[in-house]
Amino acid sequence: MTTDQTRPAVLGGAPAFPDGLPLTRVRVPDREGLLGRLGAVLDSGMLTNGPTVRELEERAAELLEVPHVVAVSNCTAGLMLVLQAAGVGGGRPVLMPGFTFSATAHAAHWAGGVPLFAEAREQDITLDPADAEARLKAADAPAAVMATHAYGTPCQTEELQRVADAAGLPLVYDAAHGFGSKRRGVPVGNFGLAEVFSMSPTKVAVAGEGGLVATRDAALARTLRTARDYGNPGDYDTLFPGLNARMSELHAAVGLTWLAGLPERVAHRGALVAEFARTVAGLPGLRLALPEEGDTSTFKDLTMILDADAFGLDNRQLADALKAEGIDTRRYFFPPVNRQKAYAHLGQADALPLTDRLADSVLTVPLWSHMDAATVRRVADTVVRIQPFAAEVGAAAGRA
C-alpha cells in the first residue's frame, strides 16, 4: 500500500516527520569545554556564588553592553527582586501585558503588587504603549510598568519609557526570551530600570536553570547582590527580606558555554525564520510574529498568527493537522494571563479583546539553534501542503 505524498497526513498522506519533530531540542555547543568547566568547579569545592558566577556576569555584561549584570537562580526570582527594590508593594497596580507568560504576573504578585493588564500591539504582540498609557491614567496609584519582549521581539522601548516617565514609574522588562535581541542596534538589556533574562533550557542562552538581571543602575545592582542572598550583607544581620536566589557555579559553567558563539546562533535562528517566511509567503490568513525593520529578535519561538477565516483552519485545527505530520506545536501564549484562573479574582478576564483574539490565533512550531534550513523548509512546506485541504481537514476534525 502506498500513501499519497500530496495529501496531509491527517487525511491519509505520508507524515512529513514520521519519527517526530519536537518543539525544542537542546544540544550543548561545546561538550568537552563544558565538562572541563564543570570539573574545575567540582575541584574547587565551591558550588555556589563563586568565581564562575562572576565570570558569567562579566561575560554577559560584555555581550549586552551594560555595566552591571547580576546572576540569579531564575528569571522569576530576578523579576521579584527587581520589583521589590523598585518599591512595588502595598497591593498597588503593576501594569503589564496580558499576552505574556504567567511568571510576569506572578513576580508582581509576590513582590506585593497587583497585575493590571494592558493590550498587545497587533503588529508584534508586545505591550501597546498607547493602551498602557490610558490604563495608567485610570489606575489608582500604580507602582510600576512591566513589559515583555515576547518571543524575543523587542518592545517599543522609546514609547514605553516615555509613558513610564510621564507617570513617574519605574519600567522593568521581562526579557526572558531576549538575550541576543536588539532594538535599533542596541542590545536588549539596556532599557528601563532593569531587564531580566531567563537561561532555562528552552531559551537561546542556556544555563539549565538560571537568570540574569541587566541594569545601568549601580545602586540597584548592589541591592540585588544582597537581595539574592536572603538580604544578608555578609554579617547575617539581614537588611531586608531577600530570597535564596543565588545561581550555582555549575549552572554558571553551563551558561558560559552557551554564551560562546551566541551572536552567531541568534543570526542563524533569524535566517531560519526568514527561510520559513519565504516558504509560506502568499498563504492566505497567515503571518509571522516578526520584529520591526532594524530590530533583531532571538526568535526564541517561531510563531504563526492565523486568521482562521482566511486560512481555513484555526490554530487548534492546524495544530492537530501538524501533530499528524509528527510536528510538535504550542499555543504560546494561550490563555493570556488576564484569563487564567490564578487571576480570575481581578475581574480583568474580558478587558483585553485584541489580546484575546491574538492569543487565540497563535501557533508556535519547532525552531532550534542547531536546526538546519532543510528541516525548517520541510515544516513550512507542510503548512503549505495542508492549507489547500483546509475544508477537508476541518471537516475531519469535526469543527468545519
With heavy-atom distances below 4.5 Å as the criterion, would you say the side chains of [X] and [Y] are in contact?
X: V28; Y: T257; result: yes
X: P366; Y: I327; result: yes
X: Q156; Y: Q123; result: no
X: I125; Y: I305; result: yes
X: Y173; Y: M146; result: no
X: E133; Y: K137; result: yes
X: F179; Y: V266; result: no
X: T298; Y: S181; result: yes

Which atom of [X] lies closest to which atom of [Y], heavy atoms considered:
X: M96; Y: A108; result: CE-CB, 3.6 Å
X: L63; Y: P187; result: O-CG, 4.2 Å
X: L352; Y: R135; result: CD2-NH2, 3.4 Å
X: L313; Y: L306; result: O-CD1, 4.1 Å
X: P15; Y: E325; result: CA-OE1, 3.4 Å
X: S200; Y: E209; result: CB-OE1, 3.9 Å

Would you call the rings of F117 and Y343 parallel, tilted or perpendicular, where under 30° means parallel and over 60° means perpendicular?
-> perpendicular
Within this structure, what is the [atom1]-[atom2] distance for the pair [X] and [Y], rounded to the nearest 0.5 Å?
X: L127; Y: D174; atom1: CG; atom2: CG; answer: 11.5 Å
X: D237; Y: N232; atom1: CG; atom2: CG; answer: 8.5 Å
X: D30; Y: W258; atom1: CG; atom2: CH2; answer: 10.5 Å
X: D381; Y: I386; atom1: CG; atom2: CD1; answer: 11.0 Å
X: T329; Y: L322; atom1: OG1; atom2: CG; answer: 6.0 Å
X: E55; Y: L256; atom1: CD; atom2: CG; answer: 4.5 Å

Please assess R385 against T6 for the test side chain to side chain donor-acceptor pair (under 3.5 Å), listing each intermediate value before the final yes or no.
-> CA-CA 7 Å; R385 181 161 57 96; T6 62; over 6 Å; no
For side-chain contact (heavy atoms from CB on, under 4.5 Å), just list the numbers for H251 and M199, CA-CA rounded to whole Å, side-chain angles, deciding distance to a tenth of an Å, and then say yes or no.
-> CA-CA 9 Å; H251 287 97; M199 301 191 81; over 6 Å; no
With side-chain contact (heavy atoms from CB on, under 4.5 Å) as the test, would you mind laying out the steps for V213 and L220 before giving the verdict?
-> CA-CA 10 Å; V213 183; L220 174 62; 5.5 Å; no
Would [X] end up clustered with [Y] when hydrophobic side chains under 4.5 Å apart are linked, directly or stepwise?
X: V383; Y: F17; answer: yes
X: V70; Y: M80; answer: yes
X: V172; Y: L95; answer: no
X: L272; Y: V204; answer: no
X: V114; Y: V145; answer: no

Using a 3.5 Å distance criterion without hydrogens, assess whether the side chain of [X] forms a donor-acceptor pair with backbone atoms of [Y].
X: E65; Y: V186; result: no
X: N338; Y: A349; result: yes
X: Q84; Y: A111; result: no
X: H268; Y: M371; result: yes
X: R265; Y: A260; result: yes
X: T215; Y: D217; result: yes

Could you go through the salt bridge (charged side-chain N to carboxylate O under 4.0 Å, His left out) check for E195 and R183 one step at a time?
-> CA-CA 13 Å; E195 304 205 55; R183 171 65 171 168; over 6 Å; no
Residue among F333, F334, Y332 satisfying side chain to side chain contact (heavy atoms under 4.5 Å, CB included) with F99 | F333
Please report the C-alpha distance between R287 and E122 in whole Å, then the side-chain angles of each, then the deciding distance to 0.1 Å, and finally whether the salt bridge (charged side-chain N to carboxylate O under 4.0 Å, His left out) criterion is met.
-> CA-CA 11 Å; R287 64 186 177 95; E122 176 82 46; 3.1 Å; yes
Yes or no on salt bridge (charged side-chain N to carboxylate O under 4.0 Å, His left out) for R59 and E62, after CA distance, side-chain angles and deciding distance?
-> CA-CA 5 Å; R59 178 59 182 142; E62 291 173 3; 3.1 Å; yes
Kindly indicate, with the supporting measurements, whether the criterion salt bridge (charged side-chain N to carboxylate O under 4.0 Å, His left out) is fulfilled by R121 and D128.
-> CA-CA 5 Å; R121 285 172 20 108; D128 183 339; over 6 Å; no
Candidates D314, D301, D360 - the one meeting salt bridge (Lys or Arg N to Asp or Glu O under 4.0 Å) with R331 | D360
Determine, step by step, whether T126 and D124 satisfy the side chain to side chain donor-acceptor pair (under 3.5 Å) criterion, reporting the C-alpha distance in whole Å, the side-chain angles of both residues, the deciding distance to 0.1 Å, and the verdict.
-> CA-CA 6 Å; T126 62; D124 56 20; 2.8 Å; yes
Neighbour count above 12 (heavy atom, 6.0 Å) for D140 CG = no
Verify side-chain contact (heavy atoms from CB on, under 4.5 Å) between D350 and R339, making sure each step is shown before the conclusion.
-> CA-CA 7 Å; D350 299 320; R339 300 191 72 89; 3.2 Å; yes
Could you walk me through whether R7 and E392 pass side-chain contact (heavy atoms from CB on, under 4.5 Å), step by step?
-> CA-CA 10 Å; R7 290 176 66 79; E392 287 184 67; 2.9 Å; yes
Does the pair R278/E275 count as a salt bridge with the N-to-O cut at 4.0 Å?
-> yes
